[in-house]
Structure formats: C-alpha cells, structure tokens
There are 2 protein chains.
Amino acid sequence: MAKIRDVAREAGVSVGTVSMVLNHADYGSPQIRKKVQDAVEKLQYVPSEMARNLSLKRTMTVGIIVPTVSHPFFAELVEALEESLYHLGYKTMLCCTRQKENAENVFIDMLQRQNMDGIIMGAHSLDTALYQGLKQPIIAFDRYLSPEIPIVHADHVLGGQLAAKAFLQHECRHIVQIAGSQMVKTPAGEYHQAFQKVMQASGVRTELVTLPWNSFGFKDSLQLAEKIFDEYRDVDGILGSDVSVASCLQVAVRKGIKIPEQLKLVAYDGTDITQSGIYKLTAVRQPIEELAELAAKKIVGLINGKPDASPWTLPPTLLAGETC
Amino acid sequence: MAKIRDVAREAGVSVGTVSMVLNHADYGSPQIRKKVQDAVEKLQYVPSEMARNLSLKRTMTVGIIVPTVSHPFFAELVEALEESLYHLGYKTMLCCTRQKENAENVFIDMLQRQNMDGIIMGAHSLDTALYQGLKQPIIAFDRYLSPEIPIVHADHVLGGQLAAKAFLQHECRHIVQIAGSQMVKTPAGEYHQAFQKVMQASGVRTELVTLPWNSFGFKDSLQLAEKIFDEYRDVDGILGSDVSVASCLQVAVRKGIKIPEQLKLVAYDGTDITQSGIYKLTAVRQPIEELAELAAKKIVGLINGKPDASPWTLPPTLLAGETC
DNA sequence: TTGAAAGCGCTAACAG
DNA sequence: CTGTTAGCGCTTTCAA
C-alpha cells in the first residue's frame with residue numbers, strides 16, 4: 001500500500017503538496033499537478049480514509065437505527081434514507097434492533113466514539129434516558145426520544161382523517177383499529193386518535209386492539225386477525241398498518257367474508273405490499289421517500305451546524321384500492 | 001471532549017497506562033485500574049474510534065452491497081447479515097445499488113480506502129473487472145464476480161430438483177419458469193437448468209421467460225405475469241421467485257383460474273411473503289439466516305487471515321403450501 | 001507556489 | 001509494573 005509519502009517522493013514534491021493537489025482542484029501549477037497525478041497512477045495510491053477521518057475529525061457516515069428491515073415500511077425507509085444520504089456524500093451504517101439485546105446502546109456508543117457523524121433513529125426505545133445530553137447530532141424518525149431531539153414524521157392527524165374519510169363513504173358501524181404496542185408513544189400512534197375522533201362524531205363505533213411489543217412479522221398479525229374476527233363478530237371495518245390489514249384480509253377471505261361488501265379495509269403506510277396482493281388495498285400512504293430525503297437533509301444540516309427552520313412534517317395521501 | 005491525555009493527567013498516570021488498562025482486562029494493579037476508571041468516569045471520557053482505527057489499521061466494519069433492500073429476499077438477507085456481523089463484533093455499512101449510477105464503484109473505492117475491512121457483495125455486477133486484483137477481503141453472495149472471489153450460496157441444483165419434485169406429484173404438462181435477467185450468470189440461475197432437466201426427463205414441456213435487468217419490484221412482475229397468461233394459454237405450472245410467483249397468483253385469481261386445480265405455483269426463495277398472502281405459496285426455501293451467518297463468518301475469517309476449508313454451500317428445503 | 005512540521009487521538013514496543 | 005515515545009497516514013498552518 002503506497003502512502004502519501006511515497007507519492008511525494010515519486011513526484012519529487014513534498015507531502016503537503018500532494019495532499020493539497022489531491023484535495024483542492026485549484027491548487028498548484030499544472031506541471032506540479034501532473035507530476036502528482038502521475039505518481040498516484042504509477043504507485044496505485046489510494047488515500048487512507050481512516051487517516052483522513054482522524055485528521056478531519058469526521059467520518060462522513062450516518063447511522064440508521066430501525067427495529068428491522070424485513071418489514072416493508074422500514075425496508076422502503078432504509079433504502080430511501082441510504083439513497084438520500086449517498087447523494088449528500090454520506091455512507092450509511094445500519095443497525096436493526098429487534099433481535100438484539102441492547103444494540104441500541106452499542107450503537108449510541110459508536111456515535112459517541114465518533115464512528116459516525118450523526119444518527120437517524122427510527123426504532124422504538126424504552127430507554128430514552130440514553131438520549132439525554134447526547135452531544136452528537138441525532139434526529140428521530142417518527143419517534144419521541146427526548147424533548148431536544150427533533151422528529152421527522154408524516155402528519156398523522158391528517159392521516160387519520162384521510163382514513164376516516166375513506167370509511168365514511170360507506171356504511172360502517174363497527175370498526176376495529178389495530179395499533180402497535182402502546183408501551184411507547186409515537187407520532188404514528190396519533191392517527192388512531194384522529195380517526196376515532198372523526199368516527200365518533202359520525203356515530204361509528206370503534207375499537208382499538210394492539211400488537212405485542214416489537215412485533216413486525218406476519219405471524220403475530222395473523223394471530224391477531226383471527227382474534228379480531230372471533231371477538232368482534234360484527235366488525236365491518238378494519239384500519240391498521242399494511243401488514244396488519246393484509247393479514248386481516250387473508251383471514252377474512254378464508255372465512256368467506258366478501259370484500260369489500262361485508263368488510264372494508266384501509267391500510268396505513270401504503271407500502272408496496274398494498275399493491276401486490278390479490279386485492280389492492282385502499283391505503284393511507286406515508287410519503288416515505290420524501291420523509292427520508294427530509295430526514296437525510298436534516299441530519300446533514302445538524303452535522304454541519306446549519307440552522308434550518310423548514311418544517312419537519314409531511315402530509316400523507318389516500319391511495320385508492322379495492323378494499324374500501 | 002476529554003482525550004486520553006486528560007484521563008492520564010486526572011488519574012496521575014501516563015497515557016500508555018490508560019490505554020493498556022482500557023484495552024486489556026488483565027493489565028495493571030487494581031489500584032491503578034481504579035484510578036483510571038475513576039478518571040474516565042469523572043471526565044466522561046469516550047475513546048475516539050477514528051484514532052483507534054488508524055492506530056490499529058482496521059475499522060471493524062463490513063460493507064454489504066445489495067441491489068435493494070425493498071425486496072423480501074434481500075431484506076431478510078441484510079437483516080440476517082447485519083445480525084451475524086454484529087455478534088462477531090462488526091458494524092455494517094449498507095449500500096443499495098439499484099437506483100444509483102455507479103454506487104458499486106464508489107463502494108469498492110471505500111473498501112480500498114480502508115473504510116471497511118471487507119465486503120459482502122450481493123448485487124449483480126456488470127463490471128466484474130472492478131473486482132480483479134482487489135487486495136481487500138471480498139466474498140460474493142450468490143454471485144460470480146471473479147474466479148478468485150469465493151461465493152456463499154444455496155445448492156441451487158438441489159433447489160431446482162426440489163421444485164421439480166413438487167410439480168411431479170401432480171399432472172403438469174406445460175410449466176413456465178420466470179428467471180431474472182440473463183445479462184449476468186448467477187448460481188441462483190442454475191436452479192432453472194436443474195429443474196428443466198428433471199422435467200424434460202419426465203416429458204413435461206417447460207418454458208423460460210425473463211425479467212428485465214435489475215427488476216425487483218411488483219410492477220414488472222405483474223406485467224410479466226399478464227404476458228405469460230396471454231402468451232401461454234395452456235400453462236398449468238409456474239416456477240419463479242417469491243415475488244414473481246405472487247404476482248402470477250394475483251393475476252391468475254383475477255382471471256378466475258382455480259388454484260391449485262388449474263394452475264400449480266412454486267415460489268423460489270421462500271421468504272415471509274410466501275406465508276402472508278391469501279394462499280400460502282408452496283416454496284423452495286433458501287436458508288437465508290444460515291447463509292448469512294456463513295457469509296459473515298467467512299468474511300471475518302478472511303479479514304483475520306484465517307484459512308477455512310468448510311463448505312460455502314447450504315441446502316434449500318421444500319416448504320409445503322397450498323399452491324402445488 | 002511550495003516545503004517543513006505540528007497536530008488529529010490512540011496503541012504498543014521499548015526502556016526503566 | 002509503569003512511563004516515554006515513536007508511529008498510524010493524512011491535513012493544514014505557517015514560513016520561506
């Protein structure tokens with residue numbers, strides 16, 4: 001591995017010159033630049049990023065924490081975040097917390113060790129104390145972590161209202177809402193309240209059932225779906241995340257329930273899976289790409305100490321489908 | 001930010017002592033250790049990972065390159081890889097290449113710059129020359145990159161045979177196989193040949209249709225599904241990736257085709273989505289977790305220069321379902 | 001315009 | 001058992 005010293009010697013110039021030529025397009029005379037370029041070429045020189053990092057005190061990488069990536073919402077989110085960060089010149093460090101004991105702490109630790117320039121936190125956290133007094137840049141994605149940590153999220157009140165609007169075009173009497181675990185408050189959780197408020201005003205009965213903590217797979221939601229049909233025999237509407245609603249759809253069809261005649265379904269999130277089944281799911285779509293881009297810009301802004309007063313919230317939209 | 005110097009001063013010992021105490025559990029007298037610990041505590045000292053990296057010439061991070069993470073197979077793969085690497089003490093750097101111009105080159109470049117200790121390459125590559133003569137550790141996941149680069153992959157010949165076995169329990173006459181783009185040869189591609197060979201021997205007609213390059217979404221596969229039913233009116237069996245087959249299922253059901261009476265479907269990969277639709281898909285399951293763990297061990301082995309003669313291949317299994 | 005040299009913060013070999 | 005010091009490879013200020 002050739003080092004900058006070797007290049008300098010080969011080019012017959014000093015180390016400082018090589019560094020300057022390599023990092024500043026407008027430095028040095030054409031002759032000098034050429035000499036350096038040639039030496040680089042000849043020695044196949046590749047600068048060490050570790051050394052640059054230490055010298056410049058930054059890593060150009062951002063950490064992303066999510067519960068899992070095997071879930072359509074987080075998959076799309078992570079991919080979009082990675083892409084946005086990439087275009088801003090940042091690399092992406094990934095951490096999935098669902099299956100791990102205390103990966104969150106370890107990851108926060110790596111942040112403090114300056115292995116990353118900042119973090120976008122998209123996982124639930126039970127231990128929000130971890131985030132108190134952290135000096136490094138952090139933003140939350142649709143999560144409450146601490147009062148000082150800013151949050152990028154969709155306008156879930158509007159989201160709940162959109163869902164309500166969809167249902168209100170039909171004759172529903174009893175709607176079940178499926179929510180994530182209530183152990184942790186999240187902005188996303190708020191669409192349920194907004195929804196309920198509207199439905200209540202319209203005299204529609206609503207129910208709230210919840211998934212277990214850290215549940216993101218199909219198994220849990222299928223189980224919950226069975227329970228819902230058992231417990232609420234007259235349910236004629238269901239609102240929940242894509243995965244939850246897809247599970248309910250599956251169970252309902254197996255039971256011979258006619259969709260959408262006997263049961264209306266609205267999925268919240270609007271990921272690709274709402275489009276991939278036998279029925280296209282009617283859905284409230286979170287603008288995932290746009291939220292990701294916003295989050296990426298915000299974290300880079302924080303890293304560079306750039307104040308930014310633009311809003312941190314984006315509106316969801318209603319996606320027409322065949323289930324409501 | 002306190003540095004090691006400050007800790008040394010505070011503890012009344014030398015810098016070297018602090019470093020040794022912090023990094024070697026068996027160094028120093030209890031008294032000295034205590035003094036150091038206390039100073040660390042008091043100053044809230046956190047070592048700089050950048051400095052350690054430079055000093056130790058390693059980053060403890062591994063890069064993962066995949067085309068996308070918004071696809072159940074890669075999602076499960078990335079999650080499992082990240083988890084295995086985590087337990088081996090490595091961080092995960094993620095790069096999705098599908099939407100980016102030449103992210104692959106950029107990522108390989110980061111490898112050469114020693115920003116990562118090694119790479120697990122799970123994306124197609126048109127430019128395999130990139131991988132010639134790379135000095136850093138690389139392993140491929142189900143991809144041919146260059147003769148020197150070892151590959152972790154499922155035994156796809158067995159996979160093809162398992163699929164064949166499933167179909168042969170029924171009366172199929174005309175089976176369509178859906179393959180990825182043929183622009184690049186992959187180990188996974190080989191299940192099609194193995195399958196065809198068996199079917200041919202049994203006198204069953206098979207067809208091979210292919211998806212466009214870098215196509216991983218539902219839109220393309222739905223389109224292809226339509227085309228298949230248009231073009232092959234007498235098709236009574238379909239074999240392809242989870243996503244492809246799920247799309248065919250959707251189109252078939254809409255056309256009123258009875259599953260599995262009139263059409264048998266076998267999905268290759270066996271991700272969660274085979275279990276989440278209205279019909280459980282019969283599937284050949286790649287042992288994703290195990291492959292990921294294997295890949296993680298292999299790359300760490302290479303990084304540490306540990307020779308390892310254990311096999312690089314794992315067998316898939318047949319997952320019973322309702323579509324064949 | 002270029003070169004010399006002082007860091008960046010930590011590790012580990014070496015000497016005491 | 002502990003302290004000193006020479007790197008790790010690069011950036012950039014400061015002189016010349």
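Lettering of chains follows the sequences in order, A, B, ..., and the numbering in each one begins at 1.
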For Arg9(A), is there an ion pair with Asp6(A) - N to carboxylate O distance below 4.0 angstrom? yes
Given that Lys3(A) and Val15(B) both sit by DNA chain D, which one's nearest nucleotide is further toward the 5' end? Val15(B)
Might you work through the salt bridge (Lys or Arg N to Asp or Glu O under 4.0 Å) test for Glu82(B) and Lys100(A), ending with a clear yes or no? CA-CA 11 Å; Glu82(B) 192 266 338; Lys100(A) 309 202 191 78; 2.4 Å; yes
Check whether any side-chain heavy atom of Tyr86(B) lies under 4.5 Å from a side-chain heavy atom of Lys91(B), and answer yes or no. no
In a check of side chain to side chain contact (heavy atoms under 4.5 Å, CB included) between Leu291(A) and each of Leu81(A), Leu77(A), Leu314(A), which one passes? Leu314(A)
Output all residues satisfying ring-ring contact (aromatic ring centres under 6.0 Å, His included) with Trp312(A), sequence neighbours left out; order by chain, then residue number. none
Note: Arg113(B) and Val46(A) closest approach over all heavy atoms is CG-CG1, 3.6 Å
Is it true that Asp38(B) and Lys35(B) have a side-chain N and a carboxylate O under 4.0 angstrom from each other? no
Members of residues 19-29 of chain B that approach DNA chain C, where some heavy atom sits under 4.0 Å away: Ser19(B), Asn23(B), His24(B)
Any Lys/Arg nitrogen of Glu83(A) or Arg98(B) sitting under 4.0 Å from an Asp/Glu carboxylate oxygen of the other? no
Using 30° and 60° as the class limits, which term best fits the ring planes of His153(B) and His156(B): parallel, tilted or perpendicular? parallel
Taking only residues two or more places apart in sequence or in another chain, which ones pass side chain to side chain contact (heavy atoms under 4.5 Å, CB included) with Ser14(A)? Thr17(A)
Expected list for residues 33-55 of chain A near DNA chain C, using heavy atoms below 4.0 Å, is Leu54(A), Ser55(A)
I'd like the 5' and 3' limits of the part of DNA chain D contacted by chain A, with heavy-atom contacts below 4.0 Å. dG9(D) to dT12(D)
For a quick check of understanding: with a heavy-atom distance under 4.0 Å over all strands, which category does Val13(A) fall into, base, sugar-phosphate or nothing? sugar-phosphate
Bounds of contact between DNA chain C and chain A, in 5' to 3' order, using a heavy-atom cut-off under 4.0 Å: dT2(C) to dG9(C)
side-chain hydrogen bond (donor to acceptor under 3.5 Å, both in side chains) for Lys298(A) and Ser310(A)? Distances and angles first, verdict last. CA-CA 9 Å; Lys298(A) 293 291 188 185; Ser310(A) 68; 2.8 Å; yes
Have a look at Ile65(A) and tell me which of Leu111(A), Leu94(A), Ile119(A) forms a side chain to side chain contact (heavy atoms under 4.5 Å, CB included) with it. Ile119(A)
Look at the aromatic rings of His71(B) and Phe216(B) and report parallel, tilted or perpendicular, splitting at 30° and 60°. perpendicular
